[in-house]
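Okay, so here's the structure we're looking at.
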Amino acid sequence: LLSQRISCSSHGRVCVSPVLVTQRRNNSTSPKIKVDFDQSTGVAVMHMQSPPVNSLSLDFLTEFCIGVEKLEMDKSCRGLIITSSQPKVFSAGLDIMEMYGSPERCGEFWRAVQEMWLKVYSSNMVTIAAVNGSSPAGGCLMSIACDYRIMADNPRYSIGLNETQLGSVAPFWFKDTMMNTVGHRTTEIALELGLLYNPSEALKIGLVDQLVPEDQVLTTATQTMTKWLAIPG
């Protein structure tokens with residue numbers, strides 16, 4: 001779910017209002033995903049480019065899953081880095097407007113959300129999330145589905161599964177993925193309170209693996225990918 005302005009003014013964090021998203025929804029046919037594949041290294045960089053905040057709509061998720069599937073089928077592609085082309089945000093999470101359509105559309109939407117998670121979480125490629133902005137809810141899920149997470153060291157950014165703050169409950173597979181990342185008790189408290197963590201807090205609990213200056217996120221992800229791909233197998 002998209003993050004709201006919950007305690008953001010007091011903490012100075014970058015948050016996203018659902019009202020803003022619905023007013024500025026991107027209904028164009030322009031690509032929401034851009035993939036740069038370097039055949040010499042076997043590494044693809046997937047840039048999410050759906051203004052204003054890379055909200056996970058059905059159209060976005062469909063394009064995302066097709067992109068991952070194409071890379072998965074190319075045996076020369078061994079690594080995938082996921083990042084954002086939008087300023088200050090990795091992904092603001094699920095597009096809540098998708099939940100107000102027909103039951104059929106809503107069901108198709110949730111199947112697409114789960115397919116996105118499965119494709120990343122079970123990928124044969126090494127997957128690294130280059131988190132260069134805030135990443136609440138569904139954006140956090142995408143991040144923790146990756147093998148490794150590098151986040152911009154900007155205290156205004158936040159990451160976490162904050163669904164309960166919006167009156168919703170994170171599906172069990174959201175919970176299980178986070179629990180596999182940070183442990184049972186931390187996940188329990190985080191989901192019950194809908195916590196969002198700034199980068200240093202996220203690093204402390206293991207929600208992200210590394211913090212770097214904002215302008216070095218993608219470079220560091222590329223360097224880290226080289227180390228992962230050097231492992232035999």
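These values consider heavy atoms only, across backbone and side chains, with no hydrogens, waters or symmetry-generated copies.
The same ILVMFWY cluster, assembled from side-chain heavy atoms under 4.5 Å apart, contains both L195 and Y157. Under the 4.5 Å side-chain heavy-atom criterion for ILVMFWY residues, no single connected hydrophobic cluster contains both M46 and M73. Taken together through direct or relayed side-chain contacts under 4.5 Å among Ile, Leu, Val, Met, Phe, Trp and Tyr, M225 and L71 form parts of separate hydrophobic clusters. Cluster annotation: L203 is connected to Y197 through the hydrophobic network of ILVMFWY side chains, with a link wherever side-chain heavy atoms come within less than 4.5 Å. At a threshold of 4.5 Å between side-chain heavy atoms, the hydrophobic network of Ile, Leu, Val, Met, Phe, Trp and Tyr places V35 and M142 in one connected group.
Atom CD1 of I150 sits about 3.5 Å away from atom OG1 of T224, to the nearest 0.5 Å. The distance from the CG atom of N132 to the CG atom of D215 is 11.5 Å, given to the nearest 0.5 Å. Rounding to the nearest 0.5 Å places CD of Q39 at 7.0 Å from CG of D74. Atoms CD and CG, from Q49 and N54 in turn, are 8.5 Å apart once rounded to the nearest 0.5 Å. The distance from the CD1 atom of I205 to the CZ atom of R185 is 13.5 Å, given to the nearest 0.5 Å. Between the CE atom in M48 and the CD atom in Q86 there is a gap of 9.5 Å [rounded to 0.5 Å].
Under the 4.5 Å side-chain criterion, counting only non-hydrogen atoms from C-beta, S143 is in contact with I159. Side-chain contact between L56 and S91: present, with at least one pair of heavy atoms (C-beta onward) separated by less than 4.5 Å. In this structure, the side chains of T177 and L141 come closer than 4.5 Å at one or more pairs of heavy atoms. Side-chain contact between F90 and I82 is present, with heavy atoms from C-beta onward closer than 4.5 Å. Taking 4.5 Å as the limit, some side-chain heavy atom of M99 sits within range of a side-chain heavy atom of W110. In this structure, the side chains of F60 and L94 stay at 4.5 Å or more apart for every pair of heavy atoms.
The backbone N or O of T127 lies less than 3.5 Å from a partner atom in the side chain of D147, making a donor-acceptor pair. Proximity of a side-chain donor or acceptor of T187 to a complementary backbone N or O of G183 within less than 3.5 Å is detected. A donor-acceptor pair is defined here as one N or O able to donate and one able to accept, closer than 3.5 Å; no such pair exists between the side chain of S55 and the backbone of D95. D36 contributes no side-chain N or O that, together with a main-chain N or O of V45, makes up a donor-acceptor pair within less than 3.5 Å. A donor-acceptor pair under 3.5 Å links the side-chain atoms of E63 to the main chain of I33, judged by distance alone. When atom types are taken as modelled, the side chain of T83 and the backbone of H47 share no donor-acceptor pair closer than 3.5 angstrom.
Scanning both residues, E104 and R111, for their nearest heavy atoms gives O-NH2, 4.4 Å. E163 and A137 get closest at one heavy-atom pair: OE2-CB, 3.3 Å. Here the closest non-hydrogen pair linking C146 and V120 is SG-CG1, 3.8 Å. Scanning all heavy atoms of the two residues, the minimum distance from I231 to R78 falls at O-NH2, 4.5 Å. Taking both residues in full, the closest heavy atoms of P136 and N162 are given as CB-OD1, 3.7 Å, listed atom of the first, atom of the second, then distance. Heavy-atom minimum distance, L58 versus A112: CD1-CB, 3.6 Å.
Scanning for salt bridge (charged side-chain N to carboxylate O under 4.0 Å, His left out) contacts around E214 gives an empty result, with sequence neighbours left out. Listed by chain and residue number, nothing satisfies the salt bridge (charged side-chain N to carboxylate O under 4.0 Å, His left out) test with E108 (two or more places apart in sequence, or in another chain).
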Next item on the list: Walk me through it: do T181 and R149 pass the test side-chain contact (heavy atoms from CB on, under 4.5 Å)?
Entry: CA-CA 11 Å; T181 305; R149 287 157 292 285; 3.5 Å; yes
Margin query: Could you go through E72 and M125, starting from their C-alpha distance and side-chain angles, then the distance that decides it, and tell me whether this counts as side-chain contact (heavy atoms from CB on, under 4.5 Å)?
Written below: CA-CA 7 Å; E72 198 79 55; M125 299 178 289; 3.7 Å; yes
Next item on the list: Mind running side-chain contact (heavy atoms from CB on, under 4.5 Å) on C140 and F174 for me, showing each step along the way?
Entry: CA-CA 9 Å; C140 178; F174 279 53; over 6 Å; no
Note to self: Does L207 form a side-chain contact (heavy atoms from CB on, under 4.5 Å) with I144? I'd like the steps, not just the answer.
What the structure shows: CA-CA 7 Å; L207 192 57; I144 59 179; 3.7 Å; yes
Note to self: Applying salt bridge (charged side-chain N to carboxylate O under 4.0 Å, His left out) to E115 and K119, what does each step give before you reach the verdict?
What the structure shows: CA-CA 6 Å; E115 184 179 6; K119 284 192 178 300; 3.8 Å; yes
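Here E201 does not pair with K204 in a salt bridge; the nearest charged N to carboxylate O distance is not below 4.0 Å.
For the residue pair S57/D59, the side-chain donor-acceptor check at 3.5 Å is not satisfied.
For the side chain to side chain contact (heavy atoms under 4.5 Å, CB included) with V217, the qualifying choice from V212, T222, V131 is V212, the only one to do so.
Using cut-offs of 30° and 60° for the angle between ring planes, the W173 and W117 rings count as tilted.
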